[in-house]
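Reading through the structure tokens given below for one structure.
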Amino acid sequence: AFPFIVAYGLRSDLTLLVRQRIIHRNLDTAVSMNRDTGYDDLFILAKYKLFRQNTRNYTFGIASTLGLEMPTGDDDFGSDTWDLQPGLFSSWRSGPWQSDFSVSYKWNGFADDGRNGLEPGDELAIDFAFAHQFNLSESADTSLTPLLELNYKHFSNDDRNGHSVANTGESIFFVSPGLKFTKGSFILEGLVQFPVWQDQEGSQLEQGIRYIIGTRFLF
């Protein structure tokens with residue numbers, strides 16, 4: 001997956017984010033080999049500051065989020081439903097130490113059903129990150145930040161015409177170490193997600209290790 005994200009501060013307390021992902025998928029079996037590339041659904045998220053406290057020793061903030069995923073993706077990659085995603089985000093900074101916590105609930109198909117009456121299962125995500133920043137220059141514009149994330153994901157069963165679909169729904173817990181390099185307005189970061197616990201409903205493939213590499217540019 002190649003997500004492209006643009007975030008813009010509309011006001012000091014309101015930020016708008018837009019995400020568009022391009023997905024490339026390989027599926028190999030004993031008798032066939034498939035390669036597909038296409039667009040995922042367009043996702044828009046608003047983040048509103050609820051509370052902010054700045055002191056000499058620490059900074060703490062809480063923000064609410066509300067996301068909307070629209071069925072604009074290609075048939076083989078998009079969900080074909082309108083999905084609503086409310087959430088809550090908090091951050092804490094004290095010197096070189098920093099942590100973030102977020103929880104979100106994705107209501108898939110809140111306005112309609114998908115193809116053939118299929119409504120994808122709702123999703124719950126709980127994420128916690130803890131990091132320590134090491135400055136590499138006297139001006140503090142270059143730094144290296146080791147981090148550790150804990151990620152819990154729960155996917156409810158898919159639904160078709162009021163009935164749960166067999167072999168859908170799962171819960172996963174990831175432990176995810178990573179590293180972030182910052183140089184001025186440029187950020188390069190990497191993360192490895194290890195699924196230390198997972199529980200799939202019925203007969204499904206288990207999740208493997210995930211690798212995430214990203215860049216950010218602040219403007």
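- Heavy atoms only, all atoms of each residue included: Y58 and S94 are closest at CB-CB, 4.1 Å.
- Counting heavy atoms of neighbouring residues, nucleotides and ligands inside a 6.0 Å radius, atom CG of L218 exceeds 12 of them.
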### Task
I would like to know whether F155 and L124 meet side-chain contact (heavy atoms from CB on, under 4.5 Å); could you show each step before the answer?
CA-CA 7 Å; F155 303 85; L124 172 67; over 6 Å; no

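- With D80 contributing its side chain and P71 its backbone, the two residues share no donor-acceptor pair below 3.5 Å.
- F110 contributes atom CZ, which lies 5.0 Å from atom CG of L84 (distance to the nearest 0.5 angstrom).
- With hydrogens and angles disregarded, a donor-acceptor distance shorter than 3.5 Å links the side chain of T72 to the backbone of L42.
- Put simply, NZ on K180 and CG on L147 are 7.5 Å apart, with the number rounded to the nearest 0.5 Å.
- For the pair E69 (side chain) and T81 (backbone), a donor-acceptor distance under 3.5 Å is absent.
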### Task
Would you sort out whether Q133 and Q98 count as a side-chain contact (heavy atoms from CB on, under 4.5 Å), showing the intermediate values?
CA-CA 8 Å; Q133 178 176 308; Q98 49 192 276; 3.8 Å; yes

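- The two residues P195 and I172 have their closest heavy-atom pair at CB-CG2, 4.2 Å.
- For the pair R21 and Y39, the cation-pi test (distance below 6.0 Å, angle within 45°) is failed.
- T145 and A131 make their closest contact through CG2-CB, 3.6 Å (heavy atoms, listed as atom of the first residue, atom of the second, distance).
- The line from CZ of F2 to CD1 of I23 is 10.5 Å long, rounded to the nearest 0.5 Å.
- Contact between N34 and D28 at its shortest, heavy atoms only, is N-OD1, 4.3 Å.
- Side-chain N or O atoms of Q198 include one that pairs as donor or acceptor with a backbone N or O of Q207 at under 3.5 Å.
- Ion pairing of K153 with E170 is absent here, as no side-chain N (NZ or NE/NH1/NH2) approaches a carboxylate O to less than 4.0 Å.
- Residues V175 and L150 are in side-chain contact: their nearest non-hydrogen atoms beyond the backbone lie under 4.5 Å apart.
- Between R19 and L45, the closest side-chain pair of non-hydrogen atoms is not below 4.5 Å.
- Using a 4.5 Å heavy-atom threshold, the side chains of V6 and L17 count as separate.
- Judged purely by atom type and a 3.5 angstrom limit, D158 uses its side chain to pair as donor or acceptor with the backbone of G121.
- With hydrophobic clusters built from ILVMFWY side chains whose heavy atoms lie under 4.5 angstrom apart, L14 shares a cluster with L16.
- At a threshold of 4.5 Å between side-chain heavy atoms, the hydrophobic network of Ile, Leu, Val, Met, Phe, Trp and Tyr places Y48 and F43 in two separate groups.
- Of the charged side-chain nitrogens involved, at least one lies within less than 4.0 Å of a carboxylate oxygen, so that R93 and D100 count as a salt-bridged pair.
- Shown here for P3 and A1, the closest heavy-atom pair between the two residues is CD-O, 3.4 Å.
- Applying the 6.0 Å contact sphere to CH2 of W92 captures more than 12 heavy atoms from other residues, nucleotides or ligands.
- Remark: side-chain polar atoms of S32 are not paired, donor with acceptor, to backbone N or O of T29 under 3.5 angstrom.
- Linking ILVMFWY side-chain heavy atoms closer than 4.5 Å, directly or via other members, places I212 and L148 in two distinct hydrophobic clusters.
- By the 4.0 Å N-to-carboxylate-O rule, D13 lies too far from K47 to be salt-bridged with it.
- Ring-plane geometry between Y152 and W197 is classed as parallel, the angle between the planes falling under 30 degrees on a 0 to 90 degree scale with a further cut at 60.
- Nearest heavy-atom pair across A7 and F219 is O-CZ, 4.0 Å.
- Side-chain contact check for P146 versus F134: some heavy-atom pair is nearer than 4.5 Å.
- At least one side-chain heavy atom of N151 sits less than 4.5 Å from a side-chain heavy atom of Q193.
- Under the 3.5 Å distance criterion, with hydrogens and angles disregarded, no donor-acceptor pair is assigned to the side chains of N57 and T55.
- Y105 is listed as a side-chain neighbour of D122, based on a closest heavy-atom distance under 4.5 Å.
- Atom CG of residue D199 and atom OG of residue S171 lie 6.0 Å apart, to the nearest 0.5 angstrom.
- Using modelled atom types and a 3.5 Å distance limit, the side chains of T142 and N135 yield no donor-acceptor pair.
- Using cut-offs of 30° and 60° for the angle between ring planes, the F130 and F128 rings count as parallel.
- Side-chain atoms of D41 and S79, non-hydrogen and from C-beta on, do get closer than 4.5 Å to each other.
- Follow the hydrophobic side-chain contacts under 4.5 Å out from L66 and you reach M70 in the same cluster.
- Sparse packing is recorded around CD1 of I213, with 12 or fewer heavy atoms of other residues, nucleotides or ligands lying under 6.0 Å away.
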### Task
Take L50 and L88, measure what side-chain contact (heavy atoms from CB on, under 4.5 Å) needs, and give me the verdict at the end.
CA-CA 10 Å; L50 298 176; L88 195 66; 4.1 Å; yes

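- In the hydrophobic clustering of ILVMFWY residues, with side-chain heavy atoms under 4.5 Å counting as a link, W107 and I44 come out together.
- Side-chain contact between T168 and E201: absent, with no pair of heavy atoms (C-beta onward) separated by less than 4.5 Å.
- To the nearest 0.5 Å, atom OG of residue S102 and atom CG of residue D127 are 4.0 Å apart.
- If you take OG on S104 and CD on E123, they are separated by 8.5 Å, rounding to the nearest 0.5 Å.
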### Message
Walk me through whether R25 and F77 qualify under side-chain contact (heavy atoms from CB on, under 4.5 Å).
### Response
CA-CA 9 Å; R25 181 171 56 200; F77 297 96; 3.8 Å; yes

